[in-house]
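Throughout, numbering of the chain's residues begins at 1 and tracks the sequence. Worth knowing before you read on, the calculation uses all heavy atoms, side chains too, and leaves out hydrogens, waters and symmetry mates. None of these values were measured; they are calculated from a predicted model.
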Amino acid sequence: LPERFGVVTEQIDAAEALIHEIKAKIADFVIRGDQTLAGASAELNQAGSLCDEAITICTRYMMRAPPLMAARVLFMGVKSSLPTIQATITTARATLKTAGKTADGLLDQSLTVVGQLRDVLDQVIAQIQLAIDKLVELLVQLQSALVTAQEKLVEISNKLHAAVASIKP
């Protein structure tokens, strides 16, 4: 009967392996995400300089080319939105790192629970094996008692036959 718990043990092993597999990917995901966000931040820093240059050019030539007035306003709007976008990127980087640590911690907790589940299963298997051993012991005792009873019945039967034979003429 304890061998029938092999399927459960296999499922516990599979869960543990899956948790380790996911855990191994978290650090790489966080690093790649942070690098991507850092790259976006660097691009935004360059965008600020490029907006300054475009605003300067538009300011210098807008009297000769009136559409440059609209372009200047557009570049000023873009430049004014850059700090908000930069703050969002900074927040996203912090959130990504926190999420990575949280996921790692939760997976550690999952490994602990899987380990506890394995311990409980081992205890259950041990208790079942103990019960089986006691049952086998009782069956051996019962078998011994049945053999003794059969021997006594044969002895009594022989005595009865002898007693009947002595009474018969």
Side-chain angles (χ1 to χ4, degrees), residues 1-140:
L1 187 63
E3 298 84 29
R4 293 190 179 199
F5 287 97
V7 173
V8 178
T9 303
E10 289 171 8
Q11 291 297 319
I12 291 172
D13 291 343
E16 189 173 39
L18 179 61
I19 292 168
H20 282 297
E21 181 181 328
I22 293 169
K23 191 170 167 50
K25 292 178 181 178
I26 289 174
D28 185 51
F29 175 79
V30 170
I31 289 169
R32 284 187 293 128
D34 189 54
Q35 288 173 344
T36 301
L37 290 169
S41 180
E43 291 294 324
L44 278 177
N45 289 337
Q46 290 178 7
S49 300
L50 293 173
C51 282
D52 286 339
E53 290 176 29
I55 291 168
T56 301
I57 292 170
C58 288
T59 302
R60 184 178 307 151
Y61 298 108
M62 69 183 172
M63 292 303 168
R64 291 184 214 157
L68 290 177
M69 284 185 215
R72 181 178 180 273
V73 171
L74 177 66
F75 285 120
M76 290 176 71
V78 169
K79 184 174 174 163
S80 69
S81 68
L82 294 180
T84 304
I85 297 170
Q86 194 67 270
T88 302
I89 290 173
T90 301
T91 301
R93 289 179 77 184
T95 302
L96 178 65
K97 291 173 186 175
T98 301
K101 288 178 185 176
T102 301
D104 199 50
L106 290 172
L107 289 171
D108 285 341
Q109 289 177 11
S110 297
L111 285 172
T112 300
V113 170
V114 168
Q116 290 170 347
L117 182 61
R118 185 183 309 280
D119 293 343
V120 167
L121 180 63
D122 290 344
Q123 290 172 6
V124 166
I125 291 171
Q127 289 176 353
I128 289 173
Q129 187 61 51
L130 184 63
I132 289 171
D133 292 346
K134 286 182 181 181
L135 184 59
V136 167
E137 184 180 319
L138 287 173
L139 288 173
V140 167

J.: Ignoring hydrogens, what is the shortest heavy-atom contact between Leu96 and Val30? Give both atom names and the distance.
T.: CD2-O, 3.5 Å
J.: In Å and rounded to the nearest 0.5 Å, what is the CG to CG distance from Leu74 to Leu68?
T.: 11.5 Å
J.: Please name all residues satisfying salt bridge (Lys or Arg N to Asp or Glu O under 4.0 Å) with Lys134, sequence neighbours left out, ordered by chain then number.
T.: none
J.: Only pairs at least two apart or in different chains count here, so list each salt bridge (Lys or Arg N to Asp or Glu O under 4.0 Å) that has a residue in residues 55-70.
T.: none
J.: Any chance CE of Met62 has more than 12 other-residue heavy atoms, nucleotides or ligands included, within less than 6.0 Å?
T.: yes
J.: With sequence neighbours left out, which residue pairs that include part of residues 70-86 fulfil the salt bridge (Lys or Arg N to Asp or Glu O under 4.0 Å) condition?
T.: Asp52-Lys79
J.: If you look at every heavy atom in Phe75 and Cys51, which pair is closest and at what distance?
T.: O-SG, 4.0 Å
J.: Can you list everything that forms a side chain to side chain contact (heavy atoms under 4.5 Å, CB included) with Val124? Sequence neighbours excluded, please.
T.: Phe5, Val120, Ile128
J.: Only counting residues at least two apart or in another chain, list the ones meeting side chain to side chain contact (heavy atoms under 4.5 Å, CB included) with Thr98.
T.: Thr102
J.: Who are the side chain to side chain donor-acceptor pair (under 3.5 Å) partners of Lys97, not counting sequence neighbours?
T.: none
J.: Name every donor-acceptor pair, under 3.5 Å, that has one atom in a side chain of residues 40-48 and the other anywhere in the protein, sequence neighbours excluded.
T.:
residue	atom	partner	partner atom	Å
Ser41	OG	Gln86	OE1	2.5
Ser41	OG	Gln86	NE2	3.4
Asn45	OD1	Gln86	NE2	3.0

J.: Which residues satisfy the salt bridge (Lys or Arg N to Asp or Glu O under 4.0 Å) test with Glu137, sequence neighbours excluded?
T.: none
J.: What's the shortest heavy-atom distance between Pro83 and Ser80, and which atoms?
T.: CD-O, 3.4 Å
J.: Listed by chain and number, what are the side chain to side chain donor-acceptor pair (under 3.5 Å) partners of Asp119, not counting sequence neighbours?
T.: none
J.: Would you mind writing out the side-chain donor-acceptor pairs for residues 103-115 within the sub-3.5 Å range, not counting sequence neighbours?
T.:
residue	atom	partner	partner atom	Å
Asp104	OD1	Lys23	NZ	2.5
Asp104	OD2	Lys23	NZ	3.2
Asp108	OD1	Lys23	NZ	2.8
Ser110	OG	Leu106	O	3.0
Thr112	OG1	Asp108	O	3.1

J.: Got a sec, which residues hit side chain to side chain donor-acceptor pair (under 3.5 Å) with Asp34, two or more places apart in sequence or on another chain?
T.: Arg93
